[in-house]
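Note on naming: letters A, B, ... go to the chains in the order of the sequence lines (proteins, then strands), and numbering restarts at 1 for each one. The figures here come from the full heavy-atom set of this structure, side chains too, leaving out hydrogens, waters and symmetry mates.
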Number of protein chains: 2
Amino acid sequence: MTVTQESSTLHAIGPMCADGTPFPRPDGQDRYTISEVVAHTGLSAHTLRWYERIGLMPHIDRSHTGQRRYSNKDLSWLDLVSKLRLTGMPVADMVRYAELVNEGEHTYPERLELLVAHREDVRKRIAELQDTLAVLDYKIDVYAGAHRAPERH
Amino acid sequence: MTVTQESSTLHAIGPMCADGTPFPRPDGQDRYTISEVVAHTGLSAHTLRWYERIGLMPHIDRSHTGQRRYSNKDLSWLDLVSKLRLTGMPVADMVRYAELVNEGEHTYPERLELLVAHREDVRKRIAELQDTLAVLDYKIDVYAGAHRAPERH
DNA sequence: CGCTTGCTTGGAGTGCACTCCAACTCTCTA
DNA sequence: TAGAGAGTTGGAGTGCACTCCAAGCAAGCG
């Protein structure tokens, strides 16, 4: 895996990220503290440690005194995890996916299956939301121009 | 409120619903048992009673022996509630909305506000989901045609 | 050196949305 | 009229995803 490939799932390459901290740092110097990861991902430090405990993270490198040092690879994994979480994938499923990644290339088919199933789920949810959006638009219209309000709720 | 208006948020008027039970029944004979409501809404009886306890339902009519008898109006309210729940509106917010409905017409502005805020929320969520859908599509492509797999996860 | 701020751990606590339980009563069919 | 199957209640329990706590170690600064 090369540097450019690694960065592809991160933000565009540049010397600084939005809030002024250097990000991403080039591979080799990519040893972020937990608070840097908090700043970048929006996840809490509690949550990051908890993710590790439950097996959702690969082994995180440590400083000589035992503090966590996250790599670019860890951040890109967290990017994926955050996206999946945001779309409602249960933590247990993500742990399963993490296990598959850990087991190596022969688990490609099962990973694919898991992803495809989740995509179906996401598509269904989008449809549901758009459905409700129509109901909301209708109700909002009714309330906005409340001319002889035709419904009770 | 007339029959046709009441039915507008229910399914199309017809003598039977999908599973053969008469639905909706004409106003006046609309006294559904809890299990009929379960069959129609997909909510559990537990949940229906719990909704009532927390103030999410208006007062439900009772038979002479104290059993619940739901009306068409109750069903249409449940339809709305289910849609809002499905789109992630917290139960507490729905309870607030129910209170406003209960308080009368002078709460129209606040109801409108609540609905508009939720609509914004739903729109944002749709955008998020579509964003992730793109990531999923990309990953699935990678796994599906796994020619020298370019990523580790 | 002392001070502040940050990081560590296992285990306990929280909030939400149900979900179930026990011990009944009621309704319906044979 | 007997028995099966719904319905009733308040309160306790469950599962998920965090979230916090206490007690202690570590790093940087004047």
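Side-chain N/O atoms of B/Tyr51 include none lying less than 4.0 angstrom from OP1 or OP2 on C/dA17. Listed pair B/Arg68 / D/dG7 fails the phosphate criterion, with no side-chain N or O lying under 4.0 Å from OP1 or OP2. Applying the 4.0 Å criterion to OP1 and OP2 of D/dA27, one finds that A/Thr65 has a side-chain N or O inside that range. Put simply, A/His46 has no side-chain N or O that comes within less than 4.0 Å of OP1 or OP2 on C/dC7. For D/dG10, neither phosphate oxygen OP1 nor OP2 lies less than 4.0 angstrom from any side-chain nitrogen or oxygen of B/Arg53. Close to D/dA26, at under 4.0 Å from its OP1 or OP2, lies no side-chain N or O of A/Ser63.
Among the atoms of the strands shown, none is found under 4.0 Å from any heavy atom of B/Ser44. Within 4.0 Å (heavy atoms only), A/Arg62 reaches sugar-phosphate atoms of the nucleic acid but no base atom.
One distance of note links CZ of A/Arg123 with CD of A/Glu128; it measures 15.0 Å at 0.5 Å rounding. Within the model, atoms CG of B/Leu112 and NZ of A/Lys139 stand 12.0 Å from one another, a figure rounded to the nearest 0.5 Å.
Taking the six-membered ring for Trp and thresholds of 30 and 60 degrees, B/Tyr97 and B/Trp77 have nearly parallel ring planes, at less than 30 degrees apart.
Of the residues in residues 85-97 of chain B, none lies under 4.0 Å from DNA chain D by heavy-atom distance.
Each of A/Arg49 and A/Leu43 was assigned the nucleotide of DNA chain D with the nearest heavy atom; the assignment lying further toward the 5' end belongs to A/Leu43.
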